[in-house]
J.: 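Let me give you the structure first, and then I'll get to my questions.
None of the values given here were measured: they were computed from a predicted structure.
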Amino acid sequence: MRRFSFSSISFDSPVFNRQPATAKWYDRRDYVFIEFCVEDSKDVQVKFEKSKLDFSCVGGTDNLKHQNEIDLFEVIDPNESKHKRTDRSVLCCLRKSESGKSWPRLTKDKAKLNWLSVDFNNWKDWEDDSDEELSSFDRFSEVSRICLSCTPAGMMNNMGGDDELPEVDGADDDSADSDDESKFVL
């Protein structure tokens, strides 16, 4: 009978000193959002692939090394996917390859991952909703998209004036739906 010796294993190797970061996710019409809950993260690395997401960082007061590898439920557009680091977390915005298709789960496999949960505070049944109730991140994304189109290369596309800009501040919250022509008096 062969015995296994622990002397050949180094517990300082990357395999033993990395743990997955706690994460929450939610689905939208064009994007899937994943928030990795790591405070004071450093050395953040996010790699977007068509059907995979790799996340790693060092975080917390004890400088733990975190690493998450996710085989995604559907294909994303890696070039249009982005991430943003804050003091409390890293938010990843994954652009769906097929807009309007609901993701019932984040992962390809149905396995329950103890570090992953649904973000019910941001979850909504968007298939029946209008775009009037955008979350703050969705509003930020829309404003960012508009601002990016104001670069010299994108300015030529916006020569039509302000009427092409979507309303993002919700100033007309108490007014009727602007799409409902029956409520207009001529």
Side-chain angles (χ1 to χ4, degrees), residues 6-99 103-124 126 134-154 168-169:
F6 284 106
S7 62
S8 62
I9 296 177
S10 169
F11 288 99
D12 292 329
S13 73
V15 173
F16 289 105
N17 62 6
R18 290 187 186 254
Q19 67 181 29
T22 302
K24 302 182 292 184
W25 80 281
Y26 62 99
D27 184 32
R28 287 292 192 268
R29 186 176 319 280
D30 299 325
Y31 294 93
V32 172
F33 295 91
I34 307 169
E35 182 177 15
F36 293 98
C37 305
V38 180
E39 291 188 22
D40 301 322
S41 59
K42 297 177 273 206
D43 303 328
V44 174
Q45 294 181 354
V46 180
K47 183 178 178 188
F48 299 105
E49 297 178 21
K50 285 188 175 222
S51 59
K52 188 176 177 180
L53 169 71
D54 287 320
F55 169 81
S56 66
C57 74
V58 175
T61 55
D62 46 0
N63 287 323
L64 285 176
K65 295 178 183 176
H66 297 280
Q67 183 169 6
N68 299 65
E69 185 176 300
I70 304 170
D71 291 321
L72 299 169
F73 178 75
E74 287 286 338
V75 177
I76 63 168
D77 182 347
N79 297 325
E80 293 294 319
S81 298
K82 310 223 178 304
H83 74 279
K84 179 180 180 178
R85 184 205 160 279
T86 67
D87 289 341
R88 300 184 65 84
S89 65
V90 177
L91 183 62
C92 296
C93 176
L94 286 62
R95 174 76 170 169
K96 293 180 180 179
S97 280
E98 193 173 334
S99 291
W103 287 23
R105 62 184 180 275
L106 179 64
T107 60
K108 186 175 187 172
D109 296 328
K110 286 187 176 183
K112 172 72 176 141
L113 303 172
N114 63 355
W115 52 266
L116 181 64
S117 63
V118 174
D119 186 351
F120 287 108
N121 290 333
N122 286 305
W123 191 274
K124 71 177 190 173
W126 54 261
L134 293 174
S135 72
S136 59
F137 192 89
D138 291 339
R139 287 185 186 149
F140 174 78
S141 298
E142 188 66 17
V143 170
S144 296
R145 183 186 63 78
I146 293 165
C147 291
L148 288 175
S149 68
C150 293
T151 61
V168 291
D169 64 356

J.: Ignoring hydrogens and geometry, is there a side-chain-to-backbone donor-acceptor pair from R85 to S41 under 3.5 Å?
T.: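 Confirmed, R85 side chain pairs with S41 backbone.
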
J.: Show, in sequence, the C-alpha distance, side-chain angles and deciding distance for N79 and R95, and conclude whether the side-chain contact (heavy atoms from CB on, under 4.5 Å) test is met.
T.: CA-CA 9 Å; N79 297 325; R95 174 76 170 169; over 6 Å; no

J.: So, D71 side chain and K108 main chain: donor-acceptor pair closer than 3.5 Å or not?
T.: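 Not at all, since once roles are kept as given, no pair shorter than 3.5 Å links the two residues.
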
J.: Quick check: does any side chain N or O of S89 sit under 3.5 Å from a backbone N or O of L91, one acting as donor and the other as acceptor?
T.: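 Pair absent, no side-chain N/O of S89 close to backbone of L91.
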
J.: Is a salt bridge present between K96 and D27, judged by a nitrogen-to-oxygen distance below 4.0 Å?
T.: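 A salt bridge is present here (some side-chain N lies under 4.0 Å from a carboxylate O).
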
J.: Could you walk me through whether V90 and C57 pass side-chain contact (heavy atoms from CB on, under 4.5 Å), step by step?
T.: CA-CA 10 Å; V90 177; C57 74; 5.6 Å; no

J.: Where do S81 and L94 come nearest, in terms of heavy atoms and distance?
T.: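 For S81 and L94, the tightest heavy-atom pair comes out as OG-CA, 3.5 Å.
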
J.: Looking at side-chain heavy atoms only, is the closest gap between L72 and E49 below 4.5 Å?
T.: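 Heavy-atom side-chain distance check fails, nothing below 4.5 Å.
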
J.: Please name all residues satisfying side chain to side chain donor-acceptor pair (under 3.5 Å) with E74, sequence neighbours left out, ordered by chain then number.
T.: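 Scan of E74 (side chain to side chain donor-acceptor pair (under 3.5 Å), adjacent residues dropped) gives K101.
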
J.: I would like to know whether Y31 and Y26 meet side-chain contact (heavy atoms from CB on, under 4.5 Å); could you show each step before the answer?
T.: CA-CA 9 Å; Y31 294 93; Y26 62 99; over 6 Å; no

J.: What pairs with W115 under ring-ring contact (aromatic ring centres under 6.0 Å, His included), at least two apart in sequence or on another chain?
T.: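 In terms of ring-ring contact (aromatic ring centres under 6.0 Å, His included), with neighbours along the sequence ignored, W115 is linked to no residue.
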
J.: Check the angle between the aromatic planes of H83 and F48 and answer parallel, tilted or perpendicular using the 30° and 60° thresholds.
T.: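 Plane angle between 30° and 60°, so tilted.
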
J.: Looking at every heavy atom in both T107 and D109, which two are closest together, and how far apart are they?
T.: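 Minimum heavy-atom contact is OG1-O, 2.6 Å.
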
J.: Under the criterion side-chain contact (heavy atoms from CB on, under 4.5 Å), I'd like the reasoning laid out for K65 against D43: C-alpha separation, chi angles, the key distance, then a yes or no.
T.: CA-CA 10 Å; K65 295 178 183 176; D43 303 328; over 6 Å; no

J.: Is P78 close to K50 at the side-chain level, that is, under 4.5 Å between some pair of heavy atoms?
T.: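 When only atoms from C-beta onward are counted, P78 and K50 do touch, with a gap below 4.5 Å.
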
J.: How about S56 and R18: do any of their side-chain heavy atoms sit closer than 4.5 Å?
T.: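 S56 vs R18: side chains touch.
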
J.: With respect to W25, which candidate in W123, W103, F73 satisfies the ring pair (Phe, Tyr, Trp, His ring centres under 6.0 Å) definition?
T.: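 Looking at W123, W103, F73, the match for W25 under the ring pair (Phe, Tyr, Trp, His ring centres under 6.0 Å) is W123.
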
J.: Compare all side-chain heavy atoms of Q45 with those of D54 and state whether any distance is below 4.5 angstrom.
T.: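 The answer is no; the side chains never approach within 4.5 Å.
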
J.: Does a side-chain heavy-atom distance below 4.5 Å link I34 with L53?
T.: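 They are in side-chain contact.
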
J.: State, to 0.1 Å, how close S97 and D77 come at their nearest heavy-atom pair, and which atoms those are.
T.: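 Closest approach of S97 to D77: OG-N, 3.7 Å.
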
J.: Can you tell me how far the NZ atom of K84 sits from the SG atom of C92, to the nearest 0.5 Å?
T.: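 Reported to 0.5 Å precision, the distance equals 13.0 Å.
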
J.: Roughly how far, to the nearest 0.5 Å, is CZ of R28 from CG of N122?
T.: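 It comes to 6.0 Å.
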
